[in-house]
Amino acid sequence: MVQDNEIKAQVSPFAIREGEIKTFDGKDGYVSMNQIVHKINIGHITDIHFAILELVNEFEFITSRQLYQLLEWKGIDAKSQDKLNNKLEQLVKSKILTRYYFTSEEGKGIYRIYCLEKMGKYLLTSKEIECKWQPSDNTKTVPMIKKRLAGNQTIIAYLRKVKAFDSYVVKPGINAKIAGKIFRATGGSVKLTKNKKSIEFLFEVIRKEEDWQRKLVDRMRLYKDFYENFVIGDSGFQTMPQLIIVCEDDKHTAETFKEIVKNGVEINQIKLYFTTDLRQNSDTLENTLIEFKLDPETNKYKIQNVELKLLGM
C-alpha cells in the first residue's frame, strides 16, 4: 500500500467535483441467507469478513484503503490491500456489502466506496452487534458521503500518527440547547490523553457543494449555540472540545473563514482551528492546524500555523 507521505495528489480525492454523481458498482440479483450461511460453514466467510462488516457499519461509508488502515491499527492482518480487495469483492458478490464510485466530467473516480446491504445488517444483528442501517442510508448525496470519507481520513490520521491518541467517535451528537436540536459533527471526534489529562477535538467537514456558504453559516450557528451554553457534561464532554474545520484546500479554508466572519458566527469561547484533507497525509500532525489572527497594524487577518506538540509521535 502506498504510504500517506508518498501520495502526490494536488487535489483531495474527497473534494467536490462539478457535475459529480454516485454510480452503483454492486451486485444485482438475489442472494439467499441459506447461501450466505453455507459460505460461512465452509469457511469462505470468516472472522476477518465480520471485522470488515463491523467497520463498515461503524463508519457508514468507507474506502478499501481506509478499511486496510483501520484493520492494521486493530491488529488484524489483512495480508495486503489486494487480498483485502478480494474479500470485499466476496462480500459485494454475496450482497452483504454494496459498492459505489463517483463519476464526473473528469471521468471515473479512483476509489470505490463500500457500505452495508440488507444481508450485512442481518449478519451483524445475528451476532448481537447494534446496526441502525436502513436501505435509505445508501441514497445519501455525494457531498454527504465525501464529508464522511474526509472525516474518516482525519480520524485515521490521528489514531495512526498521534501518540496521545485515546479514542474516537465517528458521529458524535452535539446538543444545541437554544435551537433545541441535536446535530452530529460531520468529521467525528477524537480524544487525546497525555499525563492523565485529556482534550477532545471535534471535526466539522466543509465541502464546496451547492449553496455551501449558507449551509456553513447554519452549521456554525448550531456550534455557537453549543459553545455559548456549554456546561460540564454537555453532549458527553467533560471539558469544552476544540472545534477544527476540515476544508478541501487552503483556498477553501480562507473562503470558509471569510464566510464565518462576514456572517458573525465566530465562537468567542474557543480558538477556531482549520485544516485540510491533504494535510492529514503528513508524517506528523504537529503542524497541520492553522488559525486566522487579526493583525492590529493592518486590521486584516493573517494565516498562522499552529504548532501543537501534543499531535506528535
Side-chain angles (χ1 to χ4, degrees), residues 14 57-62 130 132-134 137 140-141 143-159 162 164-193 197-207 209 211-248 253 256-257 259-261 263-277 280 289 291 306 308 310-311:
F14 311 130
N57 178 40
E58 183 179 15
F59 284 86
E60 190 176 11
F61 296 98
I62 195 165
E130 185 181 21
K132 295 180 179 178
W133 177 89
Q134 50 191 10
D137 290 349
K140 288 186 176 175
T141 63
M144 291 173 78
I145 295 172
K146 288 206 165 184
K147 286 175 187 178
R148 177 70 274 137
L149 297 176
N152 294 352
Q153 178 182 251
T154 305
I155 290 172
I156 291 168
Y158 275 74
L159 65 84
V162 178
F165 176 82
D166 184 321
S167 59
Y168 67 81
V169 179
V170 177
K171 293 184 280 187
I174 312 298
N175 186 9
K177 293 177 185 174
I178 304 303
K181 183 174 181 179
I182 293 177
F183 65 103
R184 299 196 177 276
T186 51
S189 67
V190 299
K191 182 179 180 182
L192 308 177
T193 302
K197 290 184 179 179
S198 296
I199 183 172
E200 294 187 71
F201 286 1
L202 278 175
F203 299 104
E204 182 62 29
V205 180
I206 306 299
R207 300 294 92 169
E209 58 189 303
D211 203 18
W212 71 268
Q213 296 95 332
R214 180 189 61 77
K215 293 173 182 175
L216 164 68
V217 172
D218 289 346
R219 200 74 174 168
M220 290 304 297
R221 285 195 178 113
L222 293 175
Y223 276 112
K224 193 173 172 66
D225 184 338
F226 167 69
Y227 280 102
E228 287 179 350
N229 299 286
F230 179 83
V231 295
I232 293 173
D234 276 358
S235 304
F237 296 105
Q238 295 310 303
T239 57
M240 193 177 283
Q242 172 62 55
L243 181 60
I244 297 170
I245 309 292
V246 184
C247 298
E248 292 187 1
T253 300
T256 299
F257 179 72
E259 289 297 324
I260 289 171
V261 173
N263 290 279
V265 286
E266 306 101 312
I267 298 169
N268 296 327
Q269 288 73 18
I270 57 167
K271 287 184 176 180
L272 192 57
Y273 292 156
F274 295 80
T275 189
T276 65
D277 296 351
Q280 311 315 308
L289 301 180
E291 64 177 319
V306 178
L308 283 184
L310 180 67
L311 302 186

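Heavy-atom basis, side chains included; hydrogens, waters and symmetry copies ignored. Just so it is clear, the model here is predicted, and its values are computed rather than measured.
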Visitor: Donor-acceptor check, side chain of Ser189 to backbone of Ala185, threshold 3.5 angstrom: yes or no?
Guide: no

Visitor: I'd like to know if the side chain of Asn57 and the backbone of Glu130 have a donor-acceptor N/O pair within less than 3.5 Å.
Guide: yes

Visitor: Ser235 side chain to Asn175 main-chain N or O, any donor-acceptor pair under 3.5 Å?
Guide: yes

Visitor: For Glu200, enumerate each residue passing the side-chain hydrogen bond (donor to acceptor under 3.5 Å, both in side chains) test, keeping only those at least two apart in sequence or located in another chain.
Guide: none

Visitor: Can you give me the closest heavy-atom contact between Ile155 and Gly188, atom names plus distance?
Guide: CD1-CA, 4.2 Å

Visitor: Has the side chain of Glu259 got a donor or acceptor atom that lies under 3.5 Å from a matching backbone atom of Val217?
Guide: no

Visitor: Supply the atom-to-atom distance Leu149 CG to Glu60 CD, rounded to the nearest 0.5 angstrom.
Guide: 10.0 Å

Visitor: So, applying side chain to side chain contact (heavy atoms under 4.5 Å, CB included) with Leu202, which one of Ile174, Val169, Ile244 is it?
Guide: Ile174

Visitor: Under the 3.5 angstrom rule, does the side chain of Arg207 hit a backbone N or O of Phe14 as a donor-acceptor pair?
Guide: yes

Visitor: Would you check if the side chain of Arg184 reaches a backbone N or O of Lys171 as a donor-acceptor pair within less than 3.5 Å?
Guide: yes

Visitor: Can you classify the ring geometry of Phe201 versus Tyr158 as parallel (below 30°), tilted (30 to 60°) or perpendicular (above 60°)?
Guide: perpendicular

Visitor: Should Lys146 and Glu209 count as an ion pair when the cut-off is N to O under 4.0 Å?
Guide: no

Visitor: Donor-acceptor pair, distance only, cut-off 3.5 Å: does the side chain of Asn152 make one with the backbone of Phe61?
Guide: yes

Visitor: What verdict does the side-chain contact (heavy atoms from CB on, under 4.5 Å) test give for Tyr273 and Ile245, after you've listed the backbone C-alpha separation in whole Å, the side-chain angles of each residue and the deciding distance to 0.1 Å?
Guide: CA-CA 6 Å; Tyr273 292 156; Ile245 309 292; over 6 Å; no

Visitor: Looking only at side chains, do Tyr223 and Glu204 share a donor and an acceptor under 3.5 Å apart?
Guide: yes

Visitor: Checking Gln280 side chain against Thr276 main chain: does a donor-acceptor pair fall under 3.5 Å?
Guide: yes

Visitor: Got a donor-acceptor contact below 3.5 angstrom from the Thr186 side chain to the Val205 backbone?
Guide: yes

Visitor: Of all residues at least two apart in sequence or in a different chain, which pass the side-chain hydrogen bond (donor to acceptor under 3.5 Å, both in side chains) check with Asp225?
Guide: Asn229

Visitor: Donor-acceptor check, side chain of Gln242 to backbone of Lys271, threshold 3.5 angstrom: yes or no?
Guide: yes

Visitor: Below 6.0 angstrom between ring centroids: does that apply to Phe203 and Tyr168?
Guide: no

Visitor: Is a salt bridge present between Lys215 and Asp211, judged by a nitrogen-to-oxygen distance below 4.0 Å?
Guide: no

Visitor: I'd like to check the ring-ring contact (aromatic ring centres under 6.0 Å, His included) partners of Phe230; sequence neighbours left out, ordered by chain and number.
Guide: Phe226

Visitor: ring-ring contact (aromatic ring centres under 6.0 Å, His included) with Trp133: which residues, sequence neighbours excluded?
Guide: none

Visitor: Under the side-chain hydrogen bond (donor to acceptor under 3.5 Å, both in side chains) rule, collect the residues that match up with Lys224, sequence neighbours excluded.
Guide: Glu228

Visitor: Start with the C-alpha distance between Tyr227 and Asn268, add both sets of side-chain angles, then the distance that settles side-chain contact (heavy atoms from CB on, under 4.5 Å), and finish with yes or no.
Guide: CA-CA 9 Å; Tyr227 280 102; Asn268 296 327; over 6 Å; no

Visitor: Can Val170 and Arg148 be said to form a side-chain contact (heavy atoms from CB on, under 4.5 Å), step by step?
Guide: CA-CA 9 Å; Val170 177; Arg148 177 70 274 137; 3.6 Å; yes

Visitor: Run Val231 and Lys177 through side-chain contact (heavy atoms from CB on, under 4.5 Å) and show every step you take.
Guide: CA-CA 11 Å; Val231 295; Lys177 293 177 185 174; 3.7 Å; yes

Visitor: Within this structure, what is the OG1-CD1 distance for the pair Thr239 and Ile199, rounded to the nearest 0.5 Å?
Guide: 6.5 Å

Visitor: Under a 4.0 Å threshold between the charged nitrogen and the carboxylate oxygen, would Lys132 count as salt-bridged to Asp137?
Guide: no

Visitor: Working to the nearest 0.5 angstrom, can you tell me the gap between Lys197 NZ and Leu192 CG?
Guide: 15.0 Å

Visitor: Just how far is it from atom OG of Ser198 to atom CG of Asp166, taken to the nearest 0.5 Å?
Guide: 5.5 Å

Visitor: Which distance, rounded to the nearest 0.5 Å, do you find between the CG of Leu272 and the CG of Leu289?
Guide: 11.0 Å

Visitor: My understanding is that only residues two or more places apart in sequence, or in another chain, count here; which of them pass side-chain hydrogen bond (donor to acceptor under 3.5 Å, both in side chains) with Lys181?
Guide: none

Visitor: In Å and rounded to the nearest 0.5 Å, what is the CD1 to CE distance from Ile267 to Met240?
Guide: 9.5 Å

